[in-house]
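Everything below concerns the one structure shown next.
All values below come from the heavy atoms of this structure, side chains included, with hydrogens, waters and symmetry mates left out.
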2 protein chains.
Amino acid sequence: MAAARRSPRLKDVAEAAGVHISTASRALNERTAALLNPQTLERVRETADGLGYRVNGMARALKTRRSLSIGMVVPDITNPFFPPTVRGAEDVLDRAGYSLLLSSTDNDMGKARRQVAAMLESQVDGLLLAMALRDDPLVTELRSGGAPLVLVNRTIDRGGVSAVVPDDFHGALEAAEHLYALGHRRLAFVGGPLATSNGARRRASFDQTVARLGLKEVAALEAVAFDEDAGYATAQDLLTRHPRITGVVAGNDLLAIGIIAAAAERGLACPQDISVVGFNDMLLAGRLQPPLTTIRIPQYDVGARAAELLMSLVDDPDRNPETVLISGELVIRGSTAAPRAAD
Amino acid sequence: MAAARRSPRLKDVAEAAGVHISTASRALNERTAALLNPQTLERVRETADGLGYRVNGMARALKTRRSLSIGMVVPDITNPFFPPTVRGAEDVLDRAGYSLLLSSTDNDMGKARRQVAAMLESQVDGLLLAMALRDDPLVTELRSGGAPLVLVNRTIDRGGVSAVVPDDFHGALEAAEHLYALGHRRLAFVGGPLATSNGARRRASFDQTVARLGLKEVAALEAVAFDEDAGYATAQDLLTRHPRITGVVAGNDLLAIGIIAAAAERGLACPQDISVVGFNDMLLAGRLQPPLTTIRIPQYDVGARAAELLMSLVDDPDRNPETVLISGELVIRGSTAAPRAAD
DNA sequence: TGTCTGCCGGCAACCGTTTGCATCGACGCT
DNA sequence: AGCGTCGATGCAAACGGTTGCCGGCAGACA
């Protein structure tokens with residue numbers, strides 16, 4: 001009749017059940033329920049159900065200093081690498097009773113800062129950062145900052161913080177060797193920004209591998225981003241400056257797509273005229289035209305492992321930092337082939 | 001020397017600045033800052049900065065009854081439709097000062113319930129639901145439940161709740177007419193679950209369109225999900241039962257991919273032997289083999305509009321429910337062509 | 001019947017903010 | 001000189017829970 005009270009509080013449940021509010025609290029809390037007389041317990045629980053009681057998470061979090069939420073910041077959820085990663089993280093967090101606060105930064109440092117600040121304000125119990133630079137001031141701030149932190153996909157040069165990243169070194173090595181094994185001798189690398197760990201490590205691995213193989217005609221370029229447009233633009237450059245290149249290892253699948261597009265525009269068919277190997281094996285990579293040969297990184301696992309690591313860090317903040325390498329494997333599809341015989 | 005206090009509270013700032021805690025609160029709050037003497041204001045702000053003060057969002061939320069967070073639940077973030085949608089939502093929410101609590105339900109009703117409950121517990125100010133069934137008990141519970149709600153991508157049959165959905169009817173119509181215009185006369189529809197609004201509406205539109213066009217040899221099948229596997233399985237069925245079909249409109253792009261795969265397995269090339277049109281124009285749809293002819297739905301806009309609608313609902317909970325239709329357009333690529341002449 | 005032992009459940013402080021209201025001094029006006 | 005006004009700040013009560021501590025009561029035991 002009167003204006004309906006917005007929603008029942010613990011106090012309402014307690015009164016309805018004829019117990020003290022603290023008893024009601026204990027009844028509704030797994031951990032403390034054992035303290036109560038079974039009958040009281042049941043009575044409280046039933047009235048709680050009857051009233052449609054729902055604990056106020058903020059009040060609880062305020063008191064317990066645990067929000068049961070963790071924040072994850074990715075550069076761009078629209079980049080196919082991230083959805084499976086987010087999914088992996090979310091699955092393990094969910095299982096641990098945590099919620100996921102997600103944010104895309106659009107590769108904008110300022111936005112990232114603001115988002116992280118907002119997450120910290122909302123008292124996240126931990127942070128999953130998937131956008132670190134090799135020397136990232138934000139990360140250094142955060143390290144001592146407060147919430148447990150684990151880096152995802154990219155890490156920083158100086159250690160000291162937990163991270164879950166793909167095995168960039170081994171991946172790029174496999175990619176280059178695959179091309180070599182097919183008969184390619186003039187290789188190029190079109191990688192992502194060197195300011196990122198995966199940009200730098202894949203590049204270093206490529207350099208080292210071609211040197212080891214004794215290849216002379218090689219080129220290595222840095223795209224401004226890990227996306228299709230950057231791949232296209234960088235490949236334009238590559239193809240004019242090094243027209244004799246027959247095989248290229250790309251920094252990731254999106255770059256590979258851009259590279260293939262740039263090549264096509266110059267009349268170079270993939271894989272007939274030029275072979276390209278990607279990195280990640282993103283969703284649908286095998287359905288593309290041509291199906292992408294690539295280094296498969298189990299993206300779901302990256303996210304899942306990162307979340308697991310974070311959970312253990314939340315439980316024990318003094319745990320030593322640890323970085324886990326997720327290894328990939330070459331999957332051969334249609335974007336690589338032996339170079340033309342005449343070549 | 002002593003154990004560092006975890007992190008400064010408002011009280012600490014107030015003491016350091018030599019003012020009362022309430023004054024400090026007002027200084028740090030845009031809305032109330034004008035009440036203060038400019039000098040006091042500055043002094044408080046400086047000491048707050050100096051101490052690295054960061055407001056405790058939970059305490060604030062508890063008091064103000066506003067968490068500045070909204071929850072979004074999608075069936076599967078890994079489905080390419082959703083990342084852009086989430087991105088759109090996140091962008092407008094961010095601009096409005098809100099954070100995004102995201103959750104994938106894996107199309108599991110139980111999980112969805114739990115996730116929504118968790119979100120409600122954490123006092124989200126609103127809910128973006130992207131997994132509604134046409135007759136969804138969860139939605140009806142939520143309607144009167146508490147937080148403002150807007151449905152995304154899928155809606156319910158009985159109105160009464162705000163929603164932002166693609167113009168399914170017009171989309172499917174255009175798809176069918178496109179095939180007709182190419183010369184196809186034996187059409188099939190492989191749609192998603194009829195329990196979803198887009199499953200049902202696209203199907204209804206298809207039925208109606210082929211009837212209007214006077215087509216006799218038609219078939220319409222329901223896949224169990226909106227994914228590639230379901231498309232593949234359903235197409236198997238379709239192709240054995242209706243081998244003379246030459247054009248199929250798919251419930252979405254993923255289904256289209258599965259259909260094309262199933263056809264290929266029977267030696268039917270797309271588009272030479274069979275034309276397929278998708279729905280959504282997901283990321284990379286144009287790079288597939290073959291490039292997909294599809295109905296482009298601006299996925300980013302769907303999310304963005306939904307978030308805008310939700311924001312206005314948050315500001316005025318008594319606002320009337322409203323459903324906005326996002327219209328799509330046919331984009332013709334390589335998966336459709338005229339049927340074989342002999343046909 | 002008196003004391004001891006345990007089990008239950010009440011008491012009240014506290015988590016960190018916000019905010020309506022009261023206070024207080026200064027100032028202008030008559 | 002008295003009074004109303006007004007700007008600036010302090011006071012204290014919430015917001016909705018959790019939890020260490022304590023007291024009461026029942027049963028056991030002597």
Side-chain angles (χ1 to χ4, degrees), chain A residues 5-45 47-48 51-69 118 120-125 146, chain B residues 5-45 47-48 51-69 118 120-125 146:
Chain A
R5 165 155 209 84
R6 26 184 174 264
S7 78
R9 298 156 309 167
L10 189 53
K11 191 179 171 203
D12 301 323
V13 175
E15 280 169 5
V19 299
H20 190 265
I21 180 174
S22 63
T23 304
S25 172
R26 289 192 259 258
L28 269 15
N29 222 305
E30 271 318 324
R31 204 168 34 75
T32 48
L35 297 177
L36 299 192
N37 179 313
Q39 297 171 30
T40 322
L41 180 59
E42 171 117 355
R43 182 156 40 96
V44 174
R45 290 201 165 156
T47 55
L51 263 50
Y53 172 71
R54 175 170 284 146
V55 34
N56 182 323
M58 318 240 82
R60 164 179 290 173
L62 180 57
K63 178 64 183 168
T64 61
R65 300 167 163 290
R66 281 220 158 189
S67 66
L68 291 184
S69 72
L120 257 20
E121 278 189 5
S122 61
Q123 309 297 110
V124 292
D125 292 333
Chain B
R5 165 154 210 84
R6 26 185 174 263
S7 79
R9 299 156 308 169
L10 192 51
K11 191 178 171 202
D12 302 322
V13 176
E15 280 168 5
V19 300
H20 190 265
I21 180 175
S22 63
T23 304
S25 171
R26 287 190 261 258
L28 269 14
N29 222 304
E30 271 318 323
R31 206 169 30 75
T32 47
L35 296 177
L36 298 192
N37 178 314
Q39 297 171 27
T40 322
L41 179 60
E42 172 118 356
R43 182 156 40 97
V44 174
R45 289 199 165 159
T47 54
L51 264 51
Y53 172 73
R54 178 169 281 145
V55 36
N56 182 322
M58 319 241 78
R60 165 178 290 174
L62 179 58
K63 180 63 183 170
T64 62
R65 299 166 164 291
R66 281 220 158 188
S67 66
L68 292 183
S69 72
L120 257 19
E121 279 190 5
S122 61
Q123 309 296 111
V124 293
D125 293 333

Candidate list A:Leu10, A:Asp12, A:Val13, test side-chain contact (heavy atoms from CB on, under 4.5 Å), partner A:Ile21, passing option
A:Leu10

Between C:dG9 (C1') and A:Gln39 (CD): distance, integer Å:
14 Å

Would you say D:dT18 has OP1 or OP2 under 4.0 Å from some side-chain N or O of A:Asn29?
yes

Whole-Å distance between D:dG16 C1' and B:Arg60 CZ?
18 Å

My understanding is that only residues two or more places apart in sequence, or in another chain, count here; which of them pass side chain to side chain contact (heavy atoms under 4.5 Å, CB included) with A:Ala27?
A:Leu36, A:Leu41, A:Val44

Of all residues at least two apart in sequence or in a different chain, which pass the side-chain hydrogen bond (donor to acceptor under 3.5 Å, both in side chains) check with A:Ser122?
none

Under 4.0 Å between any heavy atoms, over every strand shown, what does A:Arg66 touch: base, sugar-phosphate, or nothing? Just pick one.
nothing

Can you measure A:Leu51 atom CG to D:dG16 atom C1' for me and round it to whole angstrom units?
15 Å

Restricting both atoms to N or O, compile the protein contacts to nucleotides 8-13 of chain D shorter than 3.5 Å, with distance only.
{"from": "D:dT9", "atom 1": "OP1", "to": "B:Thr40", "atom 2": "OG1", "distance (Å)": "2.6"}
{"from": "D:dT9", "atom 1": "OP2", "to": "B:Asn37", "atom 2": "N", "distance (Å)": "3.0"}
{"from": "D:dT9", "atom 1": "OP2", "to": "B:Thr40", "atom 2": "OG1", "distance (Å)": "3.4"}
{"from": "D:dG10", "atom 1": "OP2", "to": "B:His20", "atom 2": "N", "distance (Å)": "2.7"}
{"from": "D:dG10", "atom 1": "OP2", "to": "B:Thr23", "atom 2": "OG1", "distance (Å)": "2.5"}
{"from": "D:dG10", "atom 1": "N7", "to": "B:Ser22", "atom 2": "OG", "distance (Å)": "3.4"}
{"from": "D:dG10", "atom 1": "N7", "to": "B:Arg26", "atom 2": "NH2", "distance (Å)": "3.1"}
{"from": "D:dG10", "atom 1": "O6", "to": "B:Arg26", "atom 2": "NH2", "distance (Å)": "2.7"}
{"from": "D:dC11", "atom 1": "N4", "to": "B:Ser22", "atom 2": "OG", "distance (Å)": "3.2"}

Does B:Arg45 form a side chain to side chain contact (heavy atoms under 4.5 Å, CB included) with B:Leu28? I'd like the steps, not just the answer.
CA-CA 7 Å; B:Arg45 289 199 165 159; B:Leu28 269 14; 4.1 Å; yes

List in chain and number order the residues that pass side-chain hydrogen bond (donor to acceptor under 3.5 Å, both in side chains) with A:Thr23, two or more places apart in sequence or in another chain; answer none if no residue qualifies.
none

Partners meeting side chain to side chain contact (heavy atoms under 4.5 Å, CB included) with A:Lys63 (sequence neighbours left out):
none

Those residues that, when tested against A:Arg43, pass salt bridge (charged side-chain N to carboxylate O under 4.0 Å, His left out) (two or more places apart)
none

How long is the line joining CG of A:Leu10 and P of C:dG9, in whole Å?
15 Å

Give the rounded distance in Å between these two atoms: NZ of B:Lys11 and C1' of C:dC14.
11 Å

Sequence-distant partners of B:Arg26, salt bridge (charged side-chain N to carboxylate O under 4.0 Å, His left out), two or more places apart
none

Rounded distance in Å - CZ (A:Arg31) to P (D:dT18):
9 Å

What is the distance from CG of A:Asn56 to P of C:dC15, rounded to the nearest Å?
18 Å

For the helix from C:dT1-D:dA30 to C:dT30-D:dA1, figure out the bend between the end axes, five pairs an end, and round to 10 degrees.
60°

Just jot down the side-chain hydrogen bond (donor to acceptor under 3.5 Å, both in side chains) partners of A:Arg54, sequence neighbours excluded, or say none.
none

Could you tell me whether B:Ser25 contacts a base, only the sugar-phosphate backbone, or nothing, with contacts defined as non-hydrogen atoms closer than 4.0 Å?
base

Rounded to whole Å, please give me the gap between CG in A:Leu62 and C1' in C:dT17.
8 Å

